[in-house]
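First comes the structure, then the notes that go with it.
All chains are named by letter (A, B, ...) in the order of the sequence lines, taking the proteins before the strands, and each is independently numbered beginning at 1. In what follows, every heavy atom counts, from backbone to side chain, and hydrogens, waters and symmetry copies are set aside. All values derive from a computational prediction rather than experimental measurement.
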There are 2 protein chains.
Amino acid sequence: MAGSGHIPEATVARLPLYLRALDEVAPSGQVTVSSEELADLSGVNAAKVRKDLSYLGTYGTRGVGYELDYLKFEIGRALGLAHTWPVVVCGLGNLGRALANHTGFTDAGFPVAAAVDTDLDKIGTTIDGVPVFAPAELGAVVSEFEIAIGVIATPASAAQAVADALVGAGVKSIMSFAPTVLVVPDDVELRAVDLATELQILGFHLHRSIENAET
Amino acid sequence: MAGSGHIPEATVARLPLYLRALDEVAPSGQVTVSSEELADLSGVNAAKVRKDLSYLGTYGTRGVGYELDYLKFEIGRALGLAHTWPVVVCGLGNLGRALANHTGFTDAGFPVAAAVDTDLDKIGTTIDGVPVFAPAELGAVVSEFEIAIGVIATPASAAQAVADALVGAGVKSIMSFAPTVLVVPDDVELRAVDLATELQILGFHLHRSIENAET
DNA sequence: ACGACTTTGTGCACGGCTTCACAATCACAA
DNA sequence: TTGTGATTGTGAAGCCGTGCACAAAGTCGT
Ligand SMILES: NC(=O)c1ccc[n+]([C@@H]2O[C@H](COP(=O)([O-])OP(=O)(O)OC[C@H]3O[C@@H](n4cnc5c(N)ncnc54)[C@H](O)[C@@H]3O)[C@@H](O)[C@H]2O)c1
Ligand SMILES: NC(=O)c1ccc[n+]([C@@H]2O[C@H](COP(=O)([O-])OP(=O)(O)OC[C@H]3O[C@@H](n4cnc5c(N)ncnc54)[C@H](O)[C@@H]3O)[C@@H](O)[C@H]2O)c1
């Protein structure tokens, strides 16, 4: 079964974890991995690992496990890892600079090729090897650097306008750090990373455990 | 029904969104909000909003909507927002500094009270108003500042050791940015924010839409 | 060649989340 | 007081993801 059919979203979200786990095993010279081992390394259930991999059409060998190199290749292919997707960072403030300076993204195939900011002092300069442009130049930047992904790291008040500009420039994938609801067309993939919300969820659990302790 | 019973995790994750949406409405002088309006502002389905709010035991008025101030109070109470939860940032590199310098966390009730780092040049100094300590001092720091949440922004290779140290110091909530699997006891709440994985998920969709276009 | 052992692939049942649809309920005007 | 219009609260159905459990299928030692 399985094969190149539809891959569930939950599975897609775990594929990068498997890939990372495999990279940790590789140096050991090991040739195969069992679903159990992969499960331990990636922090998920072994049955889930097997079901996930079955969606790729990747077959392991019963009694042995999965061939390491082949599995890495298959997961990488499913994720489209052969391609590199250049990123533009919008808003080079505290967070934007940290992102631009991060080498891990380039290593994963997502080089930060350019940035845009409204700050006149930054426009025209190169920060951490990343050239900075004015927002008005976004369209040209997207074509020039073949930008595939836009990262929004501006204040929340500017986020929707930046998102609109990215969409207008033809960008189909956006990752936003701005704590606000963004509206984008259906064919644009939006992932919102909301750190304050993450903290509030932690706060909720802290709060509740205290309440329960008092009871 | 409902009341102070168990609140589903999915609902908890949306409560901060509602709170943010309500803060946007407040200045308008409006007294009540309908579930529909709240749904638009927070980007979720109206029925979901009503069901979520019903878990809080917060009752709106049929034909009218929810009283704004009362709703804000109730959601805030459910999230434990009365309390402030001091945070320690572990690893003051690119990302750690951005986090430490971010005012939004303090505003939301999560002040960055202290940081730890192995860099001898940083230990003993104050960066962006945050005092920096050596990892060995973590236990003392946690008691001294009544730390409730630990944020891990060290290289992945050090993340598990830092997590262990946080757990050892009695911290029950951890937010990690390190791209690695962390193991913590059951009574410790761990939220892993993996930006490279987020990008890879976007990459997957880009990859697939290209594939489909070719077919 | 064969049996013992290992590990995969998946059918199935379960639980949680989402969404629809609508009766119940309230405000308010006449 | 009664009718009208609006909006909530929730039962029920459907969907998706999880995890168990086990037959199928391979390896390996003898
Ligand atoms: N710093 C953090 O650790 C952190 C944490 C969580 C969330 N965030 C969110 O990330 C976003 C950025 O945070 P920050 O701390 O880097 O803010 P910042 O104020 O340091 O930086 C914002 C940058 O965006 C630029 N900018 C403003 N309007 C712009 C526009 N229209 N187009 C392009 N650039 C524009 C500014 O010039 C500035 O350089 C905010 O929405 C913030 O809430 C930040
Ligand atoms: N910078 C980013 O935008 C970004 C994006 C995604 C993920 N991350 C992840 O976040 C983490 C931090 O990234 P960064 O760019 O800030 O790295 P960095 O190298 O700039 O900073 C790491 C900091 O941690 C300190 N450190 C090292 N070992 C430590 C220990 N045992 N205890 C305390 N402090 C220690 C170092 O002295 C340094 O200051 C990494 O795991 C990285 O993969 C970063």
Side-chain angles (χ1 to χ4, degrees), chain A residues 1-18 21-22 25 30-68 70-71 74-75 78 186 201 204-205, chain B residues 1-18 21-22 25 30-68 70-72 74-75 78 186 197 201 204-205:
Chain A
M1 278 305 106
S4 46
H6 181 255
I7 301 180
E9 195 60 27
T11 295
V12 173
R14 279 188 296 268
L15 292 181
L17 299 188
Y18 300 148
L22 291 177
V25 180
Q30 209 172 322
V31 174
T32 61
V33 273
S34 68
S35 61
E36 192 111 19
E37 191 177 359
L38 192 47
D40 281 351
L41 288 167
S42 50
V44 299
N45 180 293
K48 212 186 312 194
V49 170
R50 291 197 292 275
K51 187 154 286 189
D52 283 345
L53 295 183
S54 79
Y55 289 119
L56 301 186
T58 298
Y59 285 84
T61 314
R62 300 180 189 220
V64 177
Y66 300 88
E67 207 255 311
L68 205 103
Y70 181 60
L71 188 55
E74 281 294 323
I75 296 179
D186 283 346
I201 294 171
F204 169 82
H205 291 292
Chain B
M1 274 305 105
S4 45
H6 180 254
I7 302 180
E9 194 61 26
T11 295
V12 173
R14 278 188 297 268
L15 292 182
L17 300 187
Y18 299 148
L22 292 177
V25 180
Q30 208 171 323
V31 174
T32 60
V33 273
S34 67
S35 60
E36 193 111 18
E37 192 177 357
L38 192 48
D40 281 350
L41 288 167
S42 50
V44 299
N45 180 292
K48 213 186 311 196
V49 170
R50 292 197 293 275
K51 186 150 284 191
D52 283 345
L53 296 183
S54 78
Y55 290 118
L56 303 186
T58 297
Y59 286 83
T61 313
R62 300 179 188 220
V64 177
Y66 300 87
E67 207 255 312
L68 203 105
Y70 181 60
L71 189 55
K72 277 172 67 173
E74 281 294 322
I75 296 178
D186 283 345
T197 293
I201 294 171
F204 169 82
H205 291 292

Seminar exercise, completed: When every non-hydrogen atom of I7(B) is compared with those of F204(A), the smallest separation belongs to CD1-CE1, 4.2 Å
Problem set entry | First of G60(B) and P8(A) reached from the 5' end of DNA chain D, by closest nucleotide | G60(B)
Listed partners of [X] passing side-chain hydrogen bond (donor to acceptor under 3.5 Å, both in side chains), at least two apart:
X	value
S34(A)	none
E37(B)	Q30(B)
E36(A)	none

Protein-nucleotide distance ([X], atom [atom1]; [N], atom [atom2]), rounded to Å:
X	N	atom1	atom2	result
K48(B)	dG16(C)	NZ	P	17 Å
E67(B)	dT7(D)	CD	P	16 Å
E9(A)	dT18(D)	CD	P	12 Å
Y59(B)	dA27(C)	OH	C1'	20 Å
E37(B)	dT7(D)	CD	P	10 Å
Y55(B)	dT8(D)	OH	P	17 Å
L71(A)	dT7(C)	CG	P	16 Å
Y66(B)	dT25(C)	OH	C1'	13 Å

Seminar exercise, completed: Those residues at least two apart in sequence (or on a different chain) that pass side-chain contact (heavy atoms from CB on, under 4.5 Å) with V64(B) are T32(B), T61(B)
Problem set entry | S35(A) side-chain N/O to dT8(C) phosphate OP1/OP2 under 4.0 Å | yes
For this session: Encode nucleotides 20-30 of chain D as B, S and - characters from 5' to 3', where the letter depends on protein heavy atoms closer than 4.0 Å: B to the base, S only to sugar-phosphate, - to neither.
Result: BB--BBSS---
Exercise. Just wondering, do V33(B) and L41(B) contact through their side chains at under 4.5 Å, heavy atoms?
Worked result: no
Exercise. Between dG9(C), dG19(D), dT8(C), which nucleotide has the shortest distance from any of its atoms to the side chain of S34(A)?
Worked result: dT8(C)
Exercise. Salt bridge (charged side-chain N to carboxylate O under 4.0 Å, His left out): which pairs involve residues 47-66 of chain A, sequence neighbours left out?
Worked result: R14(A)-D52(A)
